[in-house]
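Positions are given from 1 along the sequence. Note that ligands are numbered from 1 as they come in the structure, with each ligand's atoms numbered from 1 the same way.
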Amino acid sequence: MKSTEQLKNEHEGIKIMLEVLESIAEQVEKGRVSRLEDNDIRNTVTFFREFADKCHHTKEERELFPTLEKAGIQKEGGPIGVMLDEHEMGRNHIRAMLESLDDLAESEIAAEKFVDNAYAYVELLRQHIEKENDILFRMADLSLGSDMDNKLFQRFEEIEVKEMGEGTHEKYHKMIDEYRKKFLR
Ligand SMILES: [Fe+2]
Ligand SMILES: [Fe+2]
């Protein structure tokens with residue numbers, strides 16, 4: 001498998017969880033927090049913090065982007081710089097969602113903070129993923145030789161174990177399946 005293919009597969013999982021988050025935000029917006037299980041909201045936000053940000057974005061930031069820079073794709077004023085900015089914006093939305101979780105049922109302000117950040121995050125990440133798939137990963141496929149690509153793939157595997165711990169990545173893949181069935185019928 002190409003390294004970009006692994007990232008694209010992760011994008012597909014992240015896109016499913018964005019639909020889940022959107023559906024949760026709709027419920028919160030309608031004041032139906034009590035119909036949701038508290039763990040489902042927390043698990044969904046945690047998925048984005050751990051799987052999307054800590055694992056997937058680390059693979060991009062620590063390995064893919066520097067490798068592309070070495071291959072001549074510029075960072076400042078180019079696609080890599082934009083991607084990095086968007087990762088940072090995403091982190092802010094995740095932080096805000098986590099901050100609002102404890103008071104979600106009691107406080108309208110907290111509910112509004114959650115909903116606003118959830119919708120903004122969904123929109124940000126959807127277009128971010130499309131840009132990576134359609135532009136940056138295509139550039140990567142054209143500029144990375146198979147040696148470089150194999151090394152990158154190997155490093156991605158190491159990140160999964162080091163950042164998340166053995167078996168955690170698989171745990172999140174199961175969660176995507178479970179939540180797809182539960183929320184997206
Ligand atoms: Fe990214
Ligand atoms: Fe990505």
Side-chain angles (χ1 to χ4, degrees), residues 1-22 25 43-98 117-146 148-165 168-177 179-180 184:
M1 203 198 302
K2 271 182 186 288
S3 56
T4 51
E5 222 169 294
Q6 184 187 128
L7 296 175
K8 276 189 208 164
N9 288 340
E10 290 174 3
H11 282 170
E12 290 312 303
I14 292 170
K15 274 156 73 177
I16 292 169
M17 290 304 286
L18 288 172
E19 280 190 65
V20 171
L21 178 63
E22 198 172 33
N43 287 346
T44 301
V45 182
T46 306
F47 169 88
F48 288 108
R49 195 187 59 190
E50 298 293 313
F51 183 93
D53 202 42
K54 205 165 157 198
C55 187
H56 179 86
H57 292 162
T58 300
K59 287 177 184 174
E60 294 174 346
E61 290 184 3
R62 204 187 287 166
E63 300 297 341
L64 177 71
F65 297 168
T67 305
L68 292 179
E69 275 182 70
K70 272 187 219 144
I73 297 173
Q74 70 176 81
K75 178 176 163 185
E76 300 306 330
I80 296 174
V82 177
M83 296 301 110
L84 287 171
D85 286 347
E86 291 179 354
H87 286 179
E88 205 46 48
M89 285 155 75
R91 275 172 202 133
N92 291 334
H93 291 310
I94 292 175
R95 206 171 300 130
M97 282 189 272
L98 286 171
N117 280 282
Y119 285 147
Y121 185 74
V122 167
E123 200 181 310
L124 173 78
L125 226 61
R126 275 186 183 145
Q127 57 87 17
H128 178 83
I129 284 172
E130 293 314 314
K131 275 189 261 183
E132 284 183 343
N133 284 353
D134 295 345
I135 302 168
L136 197 67
F137 292 0
R138 276 196 198 163
M139 290 164 95
D141 291 343
L142 291 173
S143 52
L144 298 178
S146 67
M148 252 179 168
D149 194 50
N150 287 337
K151 258 186 221 151
L152 208 52
F153 192 89
Q154 205 49 48
R155 298 241 176 84
F156 286 176
E157 297 296 304
E158 287 165 20
I159 285 178
E160 277 179 27
V161 176
K162 262 194 212 143
E163 292 298 319
M164 317 251 298
T168 311
H169 205 257
E170 285 65 34
K171 184 188 92 180
Y172 279 114
H173 279 289
K174 272 193 200 149
M175 180 182 169
I176 296 168
D177 245 20
Y179 276 50
R180 183 205 340 236
L184 312 173

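Salt bridge Arg91/Glu88: present, at least one basic N to carboxylate O contact under 4.0 Å. The residues Glu63 and Lys151 are annotated as not salt-bridged, no charged nitrogen and carboxylate oxygen being separated by less than 4.0 angstrom. A salt bridge does not link Lys174 with Asp177: none of the charged nitrogens is closer than 4.0 Å to a carboxylate oxygen.
Counting only protein atoms, the N, O or S atoms lying less than 2.8 Å from the Fe ion (ligand 1) are Glu60 OE1, His87 NE2, His128 NE2, Glu132 OE2, ordered by chain and residue number.
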Could you list the donor-acceptor pairs under 3.5 angstrom formed by side chains in residues 119-129, with sequence neighbours left out?
{"unit_1": "Tyr119", "atom_1": "OH", "unit_2": "Glu29", "atom_2": "OE1", "d": "2.8"}
{"unit_1": "Arg126", "atom_1": "NH1", "unit_2": "Glu22", "atom_2": "OE2", "d": "3.3"}
{"unit_1": "Arg126", "atom_1": "NH2", "unit_2": "Glu22", "atom_2": "OE1", "d": "2.9"}
{"unit_1": "Gln127", "atom_1": "OE1", "unit_2": "Lys131", "atom_2": "NZ", "d": "3.0"}
{"unit_1": "Gln127", "atom_1": "NE2", "unit_2": "Leu124", "atom_2": "O", "d": "3.3"}
{"unit_1": "His128", "atom_1": "ND1", "unit_2": "Glu86", "atom_2": "OE1", "d": "2.6"}
{"unit_1": "His128", "atom_1": "NE2", "unit_2": "His87", "atom_2": "NE2", "d": "3.1"}
{"unit_1": "His128", "atom_1": "NE2", "unit_2": "Glu132", "atom_2": "OE2", "d": "2.9"}

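In this structure, the side chains of Leu84 and Glu61 come closer than 4.5 Å at one or more pairs of heavy atoms.
For an aromatic pair to be called close, the ring centres must be under 6.0 Å apart, and Phe137 with His11 satisfies this.
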